[in-house]
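Below you'll find the structure, written out as structure tokens, and then a few comments.
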Amino acid sequence: MTQTPLFPQDAEQEIQSLRDQINEHNHRYYALDDPEITDSAYDRLMNRLKALEAEHPELITSESPTQRVGAAPLAAFGQIRHERPMLSLDNAFNEEDLNDFDRKVRERLGNADSIEYACEPKLDGIAVSLLYENGRLIRGATRGDGTTGENITLNVRTIPSIPLQLAGNDWPARLEVRGEIFMPKAGFEKLNVRAKARDEKVFVNPRNAAAGSLRQLDSKVTAKRPLDMYCYSAGIVEGDTLPAKHADTLERFKDWGLRINPELRVVQGAKACIEYFARMSEKRAGLPYEIDGIVFKVNELALQDRLGFVARAPRWAIAHKFPAQEEMTILKDVEFQVGRTGAITPVARLQPVFVGGVTVSNATLHNMDEVARLGLKIGDTVVVHRAGDVIPKVVRAVESKRPADARDIQLPDTCPVCDSEVERDEGEAAARCTGGLYCSAQRKEAIKHFTARKAVDVDGLGDKLVDQFVEKGLVNTLSDLYKLSADQVAGMERMGKKSAINLINALEISKKTTLDRFIYGLGIREVGEATAQSLVSYYQELDAIKAATTEELLDVDDVGPIVAAHIETFFRQPHNLEIIDELLAVGIHWDKVDIAESAGEQPLAGEIWVLTGSMHSMTRDEGKAILQQLGAKVTGSVSAKTNALLAGEKAGSKLTKAQKLGVRVVTEDEFTELRTEWGI
Ligand code: IVH
């Protein structure tokens, strides 16, 4: 669309037509939630209109949909006196309050049977008034104190869902529409992500963000903020009348392009109100905007008039509030918990506080990075947030309320459960206990790992059985496993005499292992099978590995500074050493690794092999074991350093890569032949 009309009257016509089209699409999109064209088609109309208006600035009017970008900054907001005061609502905090409200309404109306109520979410935003004269938006104002508010016309004009011109032509000549301006949750999140990236102040919640955005003297700033509005009542109505019922009035608003909350429902009686409240409580977390309760309004305007007002609130409406999702309390202490994998987690001990419908006295702080991010100190007043079923969270400290004796939160040097050293890797948020074998918090995991197939391999020892042994106090340390009697095992759930005997036998068999399986089974952080094998090839003996320093360990293949430090720390813990001694004492043993003797039998010594695809004559683990026995190191991915790829059927990307790099490819048949040659 780049054509330019030849005559100004053509331009005028096209401009008018574009504005009508755009207004109609806005109406469909915002008020009816039923768009008819794509965003890009809409953008094309808008761009065409902008281009024409640029050529013919004399044709620009303030209702043109292009005129939403904001105007020159103001020095201050003007004051607006509301012709009809903007009231507030009484609150109900429970069913009883709501039933009381309903009873009073019925009594006042001469014991009416059941009242028709309009139910709407109570939006957590900013109350505003919009004044339309002859369908044109001429003024926007905040509620202020209810009598006088601020003139925010320039700001509300930038909000895309607020029509500058009402649709249709059957609106009252003077119509004041009231409602709530809010920031949808998604827009709020995005705004804060951007603010964080620019090191700017973040908003604490969508309500504050909406208020801050609306109170900008520079409406160009407001224009960039994702604001929206739902209309919930009429103020001044002159020149025509509105329907006799509140909900019908809102439906009329919709015809005129004003947005109303799609959750609006009309129900009969208090019981149905309570049901609506329950339904919305469930829906609340999934709504794209924040609400803090439900407003129930007597639907018939004639009845509203009969009921009238008390003080500053109508007798015909009530706000049933949800329990607050944020409350302040005191951070009394921080304790450290040890998870089953050794991660040490700071947990806030709070002065109990009722928030989000439950009493909260603890909240996880996740890790020390989070503690630093929140800038917490013990003794602080903190804001606790709990929404829906989400776990409670400490969201910030109120620094202005910090007592003089507030204490820093410090990660302990030793594990609060077993007193082993605590490690914290650079760049890692979690701190960990290094007493993996000893720490009772990690006992179950340690046993499961040590007895796994790739470690000493105790056949038939499932996770559930390990859990029972630990929970019943039969196994406190690894070596206790080997002291179990068949009777004790048979006493476990779903265990018969026969399976108990089988397990005792399996334990006996597992005592003969290899040094690398044993090392792997100890569960040293980041020491997998390959590292365990490298350690064994290098040191050959357990005592040498135990004595190795971080620096020496760096000479071992595959071992970098982080793993080296983990290994050294592990073997520095007296408790870990005790457990190793106990295991040896109950009979765990392995054949001495004698490199000199086996050297002649290791035709693949020094080579790096990779396995891929499926094989018939052996499993992948067996293939791996054979290769290792032949002296090869087995790794998981093909690189230029790989000497050969043992490829079974359906080999995929590894085969392609090997071919590309010119790595030798050995088929299963070829490998079988080679094995005969090597006598293995
Ligand atoms: S009706 C006379 N409906 O709640 C009745 N108010 O304490 C006037 N609010 O500041 C209000 N959602 O901004 C009504 N669906 C809704 C509402 C709502 C939020 C706000 C309103 C007012 C406050 C009342």
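Whatever order the structure lists them in is the order used to number ligands and atoms, beginning at 1. This one's a predicted model, so the numbers in the text were calculated from it and none came from an experiment. Positions are given from 1, in the same order as the sequence printed here.
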Between the main-chain N or O of [Y] and the side-chain N or O of [X], is there a donor-acceptor pair closer than 3.5 Å?
X: Thr66; Y: Lys50; result: no
X: Glu176; Y: Ile236; result: yes
X: Arg143; Y: Ser129; result: no

Those residues that, when tested against [X], pass ring-ring contact (aromatic ring centres under 6.0 Å, His included) (two or more places apart):
X: Tyr232; value: none
X: Phe182; value: Tyr230, Tyr289
X: Phe277; value: His320, Phe322

Which N/O atoms of ligand 1 sit under 3.5 Å from a protein N/O, and at what distances?
{"unit_1": "ligand 1", "atom_1": "3 (N)", "unit_2": "Lys297", "atom_2": "NZ", "d": "3.0"}
{"unit_1": "ligand 1", "atom_1": "4 (O)", "unit_2": "Lys122", "atom_2": "NZ", "d": "3.3"}
{"unit_1": "ligand 1", "atom_1": "7 (O)", "unit_2": "Leu89", "atom_2": "N", "d": "3.1"}
{"unit_1": "ligand 1", "atom_1": "12 (N)", "unit_2": "Leu123", "atom_2": "N", "d": "3.1"}
{"unit_1": "ligand 1", "atom_1": "13 (O)", "unit_2": "Glu180", "atom_2": "OE1", "d": "2.4"}
{"unit_1": "ligand 1", "atom_1": "13 (O)", "unit_2": "Tyr232", "atom_2": "OH", "d": "2.7"}
{"unit_1": "ligand 1", "atom_1": "15 (N)", "unit_2": "Glu120", "atom_2": "OE1", "d": "2.7"}
{"unit_1": "ligand 1", "atom_1": "15 (N)", "unit_2": "Pro121", "atom_2": "O", "d": "3.2"}

